[in-house]
Student: 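Would you mind keeping the following structure in view while I ask a few things?
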Amino acid sequence: MKELNGFDHHLVSNGYHRINLLNQASPLLQLKSLSKELDTPIFIKRDDLTELGTGGNKLRKLEYLLAEAKNQQANRVITIGARQSNHARLTAIAGKTQGFEVDLVLKNSVPLDTESYQLNGNLVLDNIVDANIHEIPNDGTANAFISNLTKHYETEGEKVYFIPVGGSNIVGGLGYARATFEIEAQAAALGVNFQHIALASGSGGTHGGVIAGYEIQNKKVFIQAYNVQPDREPILTETKLITEGILDIFNLEEEKSKIEYRLCNDYVGEAYGIPNEQTLATIKHLAKTEGVFLDPVYTGKAFTGLVNDIKLGKYPKGEPILFIHTGGTAGLFAYSNWF
């Protein structure tokens, strides 16, 4: 399947609808200074510049997730994430614009107690849109808390729709399967053929969606994800479930066995949400050379991995590489003391 209209029609005919949260394609451009520095054409897909709620990759997932919530006649959305979750912020903002009440269950999963981390960054935006914030410890009680919260609202006569961490499930993954058509159209306009794509992975939805999108288009692309979680196997398992679930919708079951999942754990660092000196240096270098800001949790670590792996010869010399910038700019302000 090569046409976006065919992709959209197939999903609608199978009961998967989409609301429009992106009115235009996010920019795709070359990082000229860095390309010269590394002697490799490096391009960046600026999903940090999507127009709603200071931008980010979760909007593509929320187009399908919130559509499903509407189809189920939900009036309230509950989601979960870390205290400075970009996904939670965009769920709150997009959910409010679509008329939902939004509850954010925020875990203290990053061991930082600075004032900027506890009170600044995404939390400011969550509060501006009057999201209902529930702070919980990172002790394995999240599922029980969400179950009880859902029962409470349902007892009050409300209809609740739950969105998993990162919006990462089959429905959310459809957003990035669709994004591959946008990428290919922009690449064609630039006269570039991407066979190598790099991105951060925190919950598997973006990675799985991109893999599925290129399988649907029947194009061979090497997709390298850089994990930001300490445990690789749970993320890899979730990525596979999402990829295969999307392929099932498109009747591409036989393609599953051909997929090679590339999920690198070499740049996770000390822990989730904790950047190291190399990550901080990468963030500063790209800001100073290209005017592009990465975040310390996701894209900073992934882009560090990309640059190092180019230097190590893990990418073909001289071939164009696309990095998908998944957002997180608001989260930078929670790390002000690191800079």
Student: Does a sphere of radius 6.0 Å around CD in E3 hold more than 12 heavy atoms from other residues, nucleotides or ligands, not counting ones at 6.0 Å or beyond?
Tutor: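 Open.
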Student: Looking at E51 and N23, what are the two nearest heavy atoms and their distance?
Tutor: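 Scanning both residues completely, I find the closest heavy atoms to be OE2-N, 2.9 Å.
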Student: Where do Y64 and V171 come nearest, in terms of heavy atoms and distance?
Tutor: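 Taking Y64 first and V171 second, the nearest heavy atoms are CB-O, 3.4 Å.
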Student: If we count only N and O atoms by modelled type, under 3.5 Å, do the side chains of K2 and Q217 hold a donor and an acceptor together?
Tutor: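 No, no side-chain donor-acceptor contact under 3.5 Å.
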Student: Report the residues that fulfil side-chain hydrogen bond (donor to acceptor under 3.5 Å, both in side chains) with N57, sequence neighbours left out, ordered by chain and then residue number.
Tutor: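 Partners of N57 under the side-chain hydrogen bond (donor to acceptor under 3.5 Å, both in side chains) test: T206.
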Student: When you look at CD of Q72, are more than 12 heavy atoms from neighbouring residues, nucleotides or ligands closer to it than 6.0 Å?
Tutor: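 Yes, enclosed.
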Student: Which residue pairs pass the side chain to side chain donor-acceptor pair (under 3.5 Å) test with at least one member in residues 289-314, sequence neighbours excluded?
Tutor: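 Of all non-adjacent pairs touching residues 289-314, those that pass side chain to side chain donor-acceptor pair (under 3.5 Å) are Y226-D309, Y267-D309, Y272-Y298, Q278-N308, T282-T304, D295-T299.
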Student: Would you call E260 and R262 a salt bridge, using N to O less than 4.0 angstrom?
Tutor: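 Judged by the 4.0 Å cut-off on N to carboxylate O distance, E260 and R262 do form a salt bridge.
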Student: Kindly work out whether a path of hydrophobic side-chain contacts (I/L/V/M/F/W/Y, heavy atoms less than 4.5 Å apart) joins Y176 to I183.
Tutor: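 Yes, Y176 connects to I183 through the hydrophobic network.
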Student: Taking a hydrophobic cluster as the set of Ile, Leu, Val, Met, Phe, Trp and Tyr residues connected by side-chain heavy atoms closer than 4.5 Å, whether directly or through intermediates, do V77 and I19 fall within one such cluster?
Tutor: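 Looking at the clustering, I19 is in the same group as V77.
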Student: How many angstroms lie between atom CD1 of I42 and atom CG of L34, to the nearest 0.5 angstrom?
Tutor: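 That separation rounds to 4.0 Å.
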Student: Who are the side-chain hydrogen bond (donor to acceptor under 3.5 Å, both in side chains) partners of R46, not counting sequence neighbours?
Tutor: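 Result, side-chain hydrogen bond (donor to acceptor under 3.5 Å, both in side chains) vs R46: D48.
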Student: Under a 3.5 Å cutoff, is there a donor and acceptor pairing between the side chains of K317 and T40?
Tutor: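 Note: K317 and T40 side chains miss the donor-acceptor criterion.
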Student: Not counting sequence neighbours, list each pair that qualifies as a side chain to side chain donor-acceptor pair (under 3.5 Å) and has a residue in residues 320-329.
Tutor: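 Listed once each, the pairs would be none.
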Student: Quick test of your reading: applying salt bridge (charged side-chain N to carboxylate O under 4.0 Å, His left out), list the pairs with at least one residue in residues 125-138, sequence neighbours left out, ordered by first then second residue.
Tutor: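 As it turns out, the salt bridge (charged side-chain N to carboxylate O under 4.0 Å, His left out) pairs with a partner in residues 125-138, which skip direct neighbours, are R83-E135.
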Student: For residues 227-243, pull every pair meeting side chain to side chain donor-acceptor pair (under 3.5 Å), keeping only residues two or more places apart or in separate chains.
Tutor: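 Sorted pair list: N227-N265.
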Student: Please check if any side-chain donor atom of N276 sits under 3.5 Å from a side-chain acceptor atom of T279, or the reverse.
Tutor: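 Yes.
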Student: Run the side-chain contact (heavy atoms from CB on, under 4.5 Å) test on E182 and R60 for me, step by step, so that the C-alpha distance in whole Å, both residues' side-chain angles and the decisive distance to 0.1 Å come before the verdict.
Tutor: CA-CA 12 Å; E182 182 175 303; R60 295 189 186 273; 2.8 Å; yes
Student: When rounded to the nearest 0.5 angstrom, what distance separates CD1 in I324 from OG in S201?
Tutor: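 Reported to 0.5 Å precision, the distance equals 11.5 Å.
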Student: Would the number of heavy atoms belonging to other residues, nucleotides or ligands and lying under 6.0 Å from CZ of F162 be above 12?
Tutor: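 Counting neighbours around CZ of F162, more than 12 heavy atoms of other residues, nucleotides or ligands fall under 6.0 Å, so yes.
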Student: Applying ring pair (Phe, Tyr, Trp, His ring centres under 6.0 Å), which residue pairs with at least one partner in residues 229-260 are found, sequence neighbours left out?
Tutor: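 For residues 229-260: F7-F250, H10-F250.
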Student: Examine the side chains of E68 and Y161 and answer whether a donor and an acceptor come within less than 3.5 Å of each other.
Tutor: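 E68 vs Y161: donor-acceptor pair found between side chains.
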Student: Can you list everything that forms a side-chain hydrogen bond (donor to acceptor under 3.5 Å, both in side chains) with N193? Sequence neighbours excluded, please.
Tutor: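 Once residues adjacent in sequence are excluded, the partners of N193 under the side-chain hydrogen bond (donor to acceptor under 3.5 Å, both in side chains) criterion are K219.
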Student: Count the heavy atoms of every other residue, nucleotide or ligand shown that sit under 6.0 Å from NZ of K256, and state whether that count exceeds 12.
Tutor: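 Yes, because the 6.0 Å sphere around NZ of K256 holds more than 12 heavy atoms from other groups.
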Student: Answer with yes or no after comparing the ring centroid distance for F303 and F323 against a 6.0 Å cut-off, counting only values under it.
Tutor: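 For F303 and F323, the ring centres are under 6.0 Å apart.
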Student: Determine whether I133 and I146 fall in the same hydrophobic cluster, where Ile, Leu, Val, Met, Phe, Trp and Tyr are linked whenever their side-chain heavy atoms lie under 4.5 Å apart.
Tutor: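 Different hydrophobic clusters.
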Student: How would you list, by chain and number, every residue that makes a side-chain hydrogen bond (donor to acceptor under 3.5 Å, both in side chains) with Y214, sequence neighbours excluded?
Tutor: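 side-chain hydrogen bond (donor to acceptor under 3.5 Å, both in side chains) list for Y214, sorted by chain: E184.
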Student: I235 and V297: same hydrophobic cluster, using ILVMFWY side-chain contacts below 4.5 Å?
Tutor: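 In one cluster: no.
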Student: Check the hydrophobic clustering (I, L, V, M, F, W, Y; side-chain heavy atoms under 4.5 Å; chains of links allowed) and say if F100 and V160 are grouped together.
Tutor: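 Shared cluster, no.
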Student: Could you tell me if S26 and K45 have a donor-acceptor pair between their side chains, going purely by distance under 3.5 Å?
Tutor: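 On atom types as modelled, these side chains qualify, holding a pair under 3.5 Å.
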Student: Begin from the C-alpha positions of K58 and T91 and carry the test side chain to side chain donor-acceptor pair (under 3.5 Å) through to its verdict.
Tutor: CA-CA 8 Å; K58 306 307 181 185; T91 299; over 6 Å; no
Student: For E255, what residues pass the side-chain contact (heavy atoms from CB on, under 4.5 Å) criterion, not counting sequence neighbours?
Tutor: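 E255: side-chain contact (heavy atoms from CB on, under 4.5 Å) contacts with E215, L247, L252, K258.
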Student: Could you point out which residue of I163, L104, V165 forms a side-chain contact (heavy atoms from CB on, under 4.5 Å) with H87?
Tutor: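 Of all the options given, the one that passes is I163.
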Student: Which residues pass the salt bridge (Lys or Arg N to Asp or Glu O under 4.0 Å) test with K220, not counting sequence neighbours?
Tutor: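 Result, salt bridge (Lys or Arg N to Asp or Glu O under 4.0 Å) vs K220: none returned.
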Student: Please list all pairs passing the side chain to side chain donor-acceptor pair (under 3.5 Å) test where one or both residues lie in residues 141-152, with sequence neighbours left out.
Tutor: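 Residue pairs passing side chain to side chain donor-acceptor pair (under 3.5 Å), neighbours aside: D139-T141.
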